[in-house]
Every structure is written in C-alpha cells, then in structure tokens.
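Here is the structure we will look at.
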Protein chains: 2
Amino acid sequence: MRPTVHDIADKAGVSLATVDRVLNGRPGVRGVTRARVEAAIAALGYVRDVAAANLAKSRVYPLVFILPAGDNPFMRGLEAEVRRAGMHSANERTRLAVVTVPAFDAGALAKAIDGAIAEKVSGIAAVAVDAPEVSAAIGRAHAAGIPLVTLVSDLAGSGRDHFVGVDNIAAGRTAGSLLGRFLGSRPGPVAVLAGSMRVRDHRERLEGFCAAMADMPVTRAILPVLEGQDDPARSRALISECLAAVPDLAGIYSLGAGNRGLVAALAAGDRDDICVIAHELTDHTRAALETGTIDAVLNQDAGHEVRSAIRVLRAKADGLPVIAAQERIRLDIFIKDNLPAGPDGDDGN
Amino acid sequence: MRPTVHDIADKAGVSLATVDRVLNGRPGVRGVTRARVEAAIAALGYVRDVAAANLAKSRVYPLVFILPAGDNPFMRGLEAEVRRAGMHSANERTRLAVVTVPAFDAGALAKAIDGAIAEKVSGIAAVAVDAPEVSAAIGRAHAAGIPLVTLVSDLAGSGRDHFVGVDNIAAGRTAGSLLGRFLGSRPGPVAVLAGSMRVRDHRERLEGFCAAMADMPVTRAILPVLEGQDDPARSRALISECLAAVPDLAGIYSLGAGNRGLVAALAAGDRDDICVIAHELTDHTRAALETGTIDAVLNQDAGHEVRSAIRVLRAKADGLPVIAAQERIRLDIFIKDNLPAGPDGDDGN
DNA sequence: AAATTTCTGATTTACGTACATCAGAAATTC
DNA sequence: GAATTTCTGATGTACGTAAATCAGAAATTT
C-alpha cells in the first residue's frame with residue numbers, strides 16, 4: 001500500500017496535525033520538527049492522494065478561456081472543445097468559462113484578463129495579441145497569483161506561465177519543405193496568404209516558410225504576402241486577383257484562416273494544378289483535401305490544446321510541476337490518405 | 001453544487017442504501033422502486049463522483065501489457081512508456097506490469113494471456129499475433145470477464161474489447177502517396193522492406209501502399225517485398241543486395257522495424273538520392289531524417305497508445321463507456337522540419 | 001393466518017486528506 | 001520563577017461514495 005499521512009506521523013513521531021501543517025505549509029511548526037517530518041516524507045516516498053485531497057477540499061477550479069470572436073473556424077473549434085471539455089470536467093472539479101473578445105483587439109483582451117482577475121478565477125488561458133497593454137495585464141494576473149497560459153499565439157517575455165501551442169516557425173518550415181518537395185522541379189512562383197502580419201504566429205510561420213524555401217535546391221520566387229484578415233471574402237478576392245495576374249503560379253501557402261475563400265477562388269479559377277498547403281483542419285479544408293484542391297493541411301489539434309491548457313492551469317493552481325514532455329503540442333500533417341475518420345478530426349488523447 | 005447520492009435518496013423517497021443498490025446494480029430492489037430511483041437520478045442529472053468512489057473502493061487495477069521481446073525499438077519504446085505511465089499512475093489506483101514473450105510466437109502469447117487470466121488481473125493489453133491459439137486465449141479472457149485490448153496489431157473477430165493502434169491500411173496509403181509525390185515524375189522502381197508478412201499490420205500497410213501507388217498518375221514498379229524479420233543485420237543485407245541489383249531504384253518503403261540496417265546499407269551504398277519512407281520515430285530514424293537519408297517517417301506515438309490502452313481498460317473494468325473519438329490513435333507524419341524537440345518524440349497528451 | 005422469503009431502511013465504518021478547535025507542553029520573555 | 005508566547009497533540013468533522021450489518025416491512029408461500 002502507498003504510505004499515508006498516518007504513516008508519516010508514526011515514522012516522524014509526531015501527530016497527524018503536525019504532518020498536516022508541514023504538508024500544507026501552515027505555520028506553527030518548529031524548524032527541527034519540520035525537518036523530521038520532511039525526512040519521513042522523503043523516506044517513505046509519500047505522495048499526496050490528489051483524489052482524496054480534492055474530495056476533502058471540495059474545491060472547484062474556475063478557469064477562463066479568452067478567445068477571439070468572429071467566425072474563424074479554428075477559434076470556434078477551440079471554443080467547442082472547451083465546452084466539450086466542460087462536460088467531462090465536472091468530475092474533475094473544474095468549471096470552464098469562455099469569454100470572447102474582438103479579434104486583434106489588444107485593449108479588449110487586456111480588459112477581459114483584468115475581468116477574470118477581478119472574478120478571482122483560478123486560471124486564465126488566452127490567445128495573445130502582441131501588444132504592451134496585454135503584457136501589462138498578464139503581469140497583473142501574475143502579480144495576483146493567478147496562473148495564465150497563452151494559447152495558440154504566444155507572448156514571450158510577458159510573464160505568462162506557459163505557452164500552449166505549436167512551434168510556428170517549425171510549422172512554416174514544414175510547409176515550405178513540403179511545398180518545395182511536392183513541386184519538385186516544376187517552375188513558377190508561390191504565393192502566401194496570411195491573416196495579418198500583426199499576429200505573431202502568422203509572422204513566425206512566414207519566417208519559417210521562407211527559410212525552408214530558401215533551403216530548397218531549386219530557387220523559387222515568393223510573391224508579396226497577401227493579407228486576407230482571416231476573412232473568406234477578402235481572401236477569395238486576393239487569391240482570384242493573384243491567379244489572374246500570375247498565370248504560372250505553382251503553389252500557395254495559406255498560413256491563416258479564411259481558407260473557404262481560398263478554395264472558392266481556386267474552384268472558380270479552375271486551377272487544380274496549383275499545389276496548395278493550408279493550416280487548420282476544418283470541414284472546408286478537409287473537403288478540399290479530399291477533392292485534391294488542397295494538397296496538405298497542417299493542423300494543431302484544438303482538443304489537445306484545450307486539454308493541455310486545463311492540465312497546466314490546474315497544475316499551476318495546485319503548485320504542481322508541469323510535465324513538459326507531456327504538454328508539447330504536435331504539428332499534424334494531413335494529406336488525403338491519413339485524414340482521421342471523424343467529422344472534425346478530434347482524437348482526444 | 002452537484003447532486004449527491006443523498007439528494008437522490010431524498011428525491012426518490014428511499015434510503016441511501018437503496019440508491020447504492022441501484023447505482024451499483026446490486027440485487028434486492030423491487031422493479032418499481034428501482035424505476036423511481038432511476039427517474040430521480042435522471043431528473044437530478046446525477047453523475048457519480050469517480051474520485052470519491054475510487055477512494056471509497058480503495059480498489060487497485062492491476063493491468064498487464066504483453067509485448068514481444070527482442071530489440072525492436074518500437075516495442076522497447078512501448079515498454080518504456082508503460083513503465084513511465086506506471087510512475088504517474090500510482091495516483092490513479094492502477095498497477096502496471098509488463099510481460100514479454102518471444103516475438104511472433106503465438107503459443108507463448110496465448111500462454112501469457114492465460115497466465116494473466118489466472119492472476120485475475122483487471123485488464124490485459126497485448127500485441128496480437130494472428131493465430132487461432134491467440135484468438136482462443138482472448139476468448140477465454142472474455143469469458144473470464146477480463147477486458148482485453150489489442151495493441152498496435154489487431155486481431156479482429158477475436159472478441160477483443162478494443163483495438164489501440166493506427167489504421168495500418170491508411171498508414172500504407174499515406175506512405176505510398178507521399179513517396180509518389182516526392183518522386184514526382186522521376187523514373188525507377190520502388191522497394192518495400194517489411195518485417196514479416198505473417199503479422200497483420202505489415203500486411204495491411206503493404207496493401208495500402210500498393211493501392212496508393214496504383215492511384216498515382218505515374219505508374220511505377222514495386223519490387224517483390226523484402227522480409228527482414230525486423231532484424232537490422234538481415235535488413236541491411238537485403239537492402240544492400242537490392243541496391244546493387246537495381247541501379248535505378250527510386251524509392252524504398254520500410255514498413256517494419258530494422259531501420260538501423262536500412263540506414264547502414266544506404267550509407268554504405270552512398271545512395272542518398274533514393275527517397276525513403278520509414279515507420280516509427282526512433283533515435284536512428286530521427287538521425288536519418290535529420291541527415292536526409294530518410295525523407296519521411298510515419299509514427300504512432302507509443303506514449304499515446306499506452307495511455308489510451310490504460311484508459312480503455314480502466315473504463316471497461318468499471319463498465320464505463322469508451323469515448324471512441326478520444327481513443328483514436330493518430331498517424332503522425334514527420335519530416336525533418338517538424339521533428340519534436342525531445343529526444344524520443346513523446347508529447348504525452 | 002402463520003411461516004417464510006424477499007425487499008427496504010437505518011446506521012455504521014471506511015477510504016485519505018483538509019481543516020478547525022482546544023488543551024497542554026515547550027520555549028521564550030520579563 | 002512567573003507570565004507569556006509559540007509550538008504540538010488529540011480529537012472531531014467534513015468531502016462523496018462503497019459496503020456491510022441488522023431490523024423491520026412487504027410480499028409470497030404454505
């Protein structure tokens with residue numbers, strides 16, 4: 001059997017109450033006694049029974065996810081995953097809430113973070129916008145002792161406790177490498193469709209993409225970035241225009257959202273010879289993969305990210321260490337042959 | 001607050017003991033009473049507090065993993081993941097054991113399964129070998145009420161409760177599709193290196209691979225399968241021989257283990273122009289990806305599989321439903337640009 | 001109607017931890 | 001050495017469920 005607090009008390013020759021004081025960092029224990037108890041804990045290899053502890057505490061962990069509003073399918077997917085996790089997490093004494101703020105709006109995001117701090121939640125997960133107000137708000141969360149993780153898009157050096165998301169530079173490199181190999185020696189330039197160069201993850205993907213393209217044996221022109229604001233209509237217009245202007249276009253890398261517009265433009269332009277790599281597996285990109293309009297989709301699994309964020313926030317709230325290896329978010333590559341069976345590509349784990 | 005058993009008892013106008021009998025399927029409750037309790041449960045939306053239940057039961061779940069012996073790196077990786085999971089699972093009232101049996105030995109596997117049944121474990125995970133003795137042993141486990149999942153290689157129609165592993169036909173298709181696209185219009189046949197056609201997962205991968213190659217715009221010869229028995233030395237010999245015999249060889253698909261031999265043969269033959277796709281991310285395949293000897297690695301994450309198997313076995317042991325979407329094992333595609341940072345590619349989740 | 005069987009209620013203990021209270025011991029201060 | 005402060009022990013309750021026991025009620029059989 002695993003050792004319990006009683007065993008520690010016996011071994012250390014102290015009472016249960018004293019063990020409790022040591023374990024929970026309560027005052028009222030002399031240094032020597034504390035040391036004796038700690039030695040007993042170490043000797044027995046005691047680990048707290050989290051289930052029993054949570055039961056006794058009957059504590060709930062209110063966590064807040066702050067996500068951009070709008071019809072960005074990936075963000076809506078994230079929201080859906082939070083709600084789904086909320087269903088199952090009642091068991092685990094976690095209460096999840098979603099707050100949406102206008103996309104790319106640093107002030108609104110900062111305000112939402114401050115709101116969560118005021119509500120004394122036990123953890124915050126937010127899709128970061130790269131702005132000083134946001135950094136400041138994150139600093140206030142930190143000062144208030146509320147763990148905060150950045151989700152999808154990071155804000156390094158802001159005092160966030162953890163970043164939950166993929167390495168976007170590596171994602172861009174992967175896209176470049178795949179596109180280069182798929183194109184082989186076929187000539188022609190490639191276009192890049194982004195949401196906005198004002199978000200860090202898009203900038204990083206572009207950086208990685210250009211680096212990988214530069215490493216290819218065949219030099220290939222990369223056209224100026226098209227910024228579609230993650231908006232299908234605008235993306236469609238930009239791509240249509242590009243198709244008309246560049247008849248020998250060989251490939252497209254779509255590193256943001258708005259892929260519905262991209263697919264529509266390609267279909268309208270009847271250009272299924274163009275090699276296309278996009279991000280995020282949605283109903284649209286999945287369908288386009290199946291028809292061959294899109295050749296590969298890079299994906300970060302929303303379900304994984306949400307669950308990882310929850311685990312990390314709970315660990316932080318309890319002062320437990322985070323197992324880094326377990327919380328690394330993978331970049332998935334999907335081609336039509338390895339599409340997951342489900343309608344939305346969730347495979348949990 | 002969430003409703004508790006007390007609330008149910010109040011609502012249904014029965015005692016705690018009766019609620020307990022209904023909840024745990026114990027006898028001694030009249031049909032009408034049972035219905036009343038069940039109605040109360042439904043009305044209140046009661047869900048059992050698993051943590052409290054486990055605490056009260058103070059039950060431990062001894063689970064056994066039966067894995068092939070030998071130096072197959074993937075299997076050793078699985079074993080390592082089981083041990084790693086064992087560290088953390090003490091909290092969760094699970095005790096894990098690993099039993100190794102000679103690879104491809106149906107009799108030994110059946111015997112190991114029977115041994116686990118005799119020990120009255122609460123769950124078995126086994127890498128199946130396709131043989132009637134094994135099916136029979138799985139049937140005995142089922143008869144004894146012990147949940148059993150097949151791991152990595154399935155044995156459909158054997159009465160196993162669940163399969164934890166990737167869709168190997170899709171894996172083969174993915175390999176074929178990638179290899180075809182990477183090769184483009186470059187001429188030359190491709191070779192296939194397998195472990196043994198006697199294991200189902202290898203057969204399935206080959207099937208998918210051939211299908212995908214046949215779907216390619218360019219027809220390409222597939223040389224007769226080389227069976228390396230997952231053995232590095234034998235694999236090396238076979239590949240060396242093949243390289244010498246087929247000077248215009250364009251690609252290799254290695255669908256089993258023994259990749260160390262493959263890499264050695266390629267290095268010795270100085271043939272880094274050949275496009276190679278292999279399975280399982282190990283130290284060797286990772287290094288080969290980085291140097292460019294191997295172009296893509298298809299991987300099933302051992303950590304995910306182990307954790308999934310544990311979750312499924314525990315759910316079965318408790319009579320709980322399995323969330324299929326959460327237990328789907330993904331096929332990862334790695335190229336040198338999206339290699340995970342860690343030394344062994346574990347990202348938990 | 002009596003005897004039996006089958007159901008149901010009430011009550012208690014346990015799981016491992018958290019947390020509070022109160023009394024007594026030890027250390028410190030005066 | 002007395003008074004005070006600080007530490008420690010003993011004890012009890014709570015969390016939500018499991019599981020056992022025993023007594024009494026209801027249904028069934030004789």
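Please read these numbers as outputs of a predicted model, since none were measured by experiment. In what follows, chains are A, B, ... by sequence order, proteins preceding strands, each numbered from 1.
- Once rounded to the nearest 0.5 Å, the distance linking CG of A/Asp161 with NZ of A/Lys316 reads 5.0 Å.
- In this structure, CG on A/Leu67 lies 7.0 Å from CG on A/Leu151, to the nearest 0.5 angstrom.
- The side-chain hydrogen bond (donor to acceptor under 3.5 Å, both in side chains) analysis of residues 19-30 of chain A, with sequence neighbours excluded, yields the pairs A/Asp20-A/Asn24, A/Asp20-A/Arg26, A/Asn24-A/Arg48.
- Here B/Asp301 pairs with A/Arg330 in a salt bridge; the nearest charged N to carboxylate O distance falls below 4.0 Å.
- With rounding to the nearest 0.5 Å, the separation of OG1 in B/Thr94 from CG in B/Leu313 is 9.5 Å.
- No salt bridge links A/Arg328 with A/Asp167; every basic N to acidic carboxylate O contact stays at or beyond 4.0 Å.
- Contact annotation for B/Gly13: backbone-only contact, meaning every heavy-atom pair under 4.0 Å involves sugar-phosphate atoms and none involves a base.
- B/Arg34 meets the side chain to side chain contact (heavy atoms under 4.5 Å, CB included) test with B/Val22, B/Val29, B/Glu38; sequence neighbours excluded.
- Here A/Asp7 does not pair with A/Arg2 in a salt bridge; the nearest charged N to carboxylate O distance is not below 4.0 Å.
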Pairs under 3.5 Å (Watson-Crick or G-U), crossing ones as [ ], inter-strand ones as |: DNA chain C comes out as ||.||||||||||||||||||||||||.||
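- Note that the first and last nucleotides of DNA chain D, 5' to 3', having any atom under 4.0 angstrom from a heavy atom of chain B are D/dG16 to D/dA27.
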With a 3.5 Å cut-off and sequence neighbours excluded, list the donor-acceptor pairs that the side chains of residues 114-129 of chain A form with protein atoms.
unit_1, atom_1, unit_2, atom_2, d
A/Asp114, OD1, A/Arg140, NE, 2.9
A/Asp114, OD1, A/Arg140, NH2, 3.4
A/Asp114, OD2, A/Arg140, NH2, 2.9
A/Ser122, OG, A/Pro62, O, 3.3

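- Nearest heavy atom pair, residue B/Ser308 against residue B/Glu327, reads OG-OE1, 2.6 Å.
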Under 3.5 Å, which protein N or O atoms sit close to an N or O of nucleotides 14-18 of chain C? Give each pair with its distance.
unit_1, atom_1, unit_2, atom_2, d
C/dC15, O2, B/Leu55, O, 3.4
C/dC15, O2, B/Ala56, N, 3.1
C/dG16, N2, A/Ala52, O, 3.3
C/dT17, OP1, A/Tyr46, OH, 2.7
C/dT17, OP1, A/Asp49, N, 3.3
C/dT17, OP2, A/Val5, N, 2.9
C/dA18, OP1, A/Arg48, NH1, 2.2
C/dA18, OP2, A/Asn24, ND2, 3.3
C/dA18, OP2, A/Arg48, NH1, 3.2

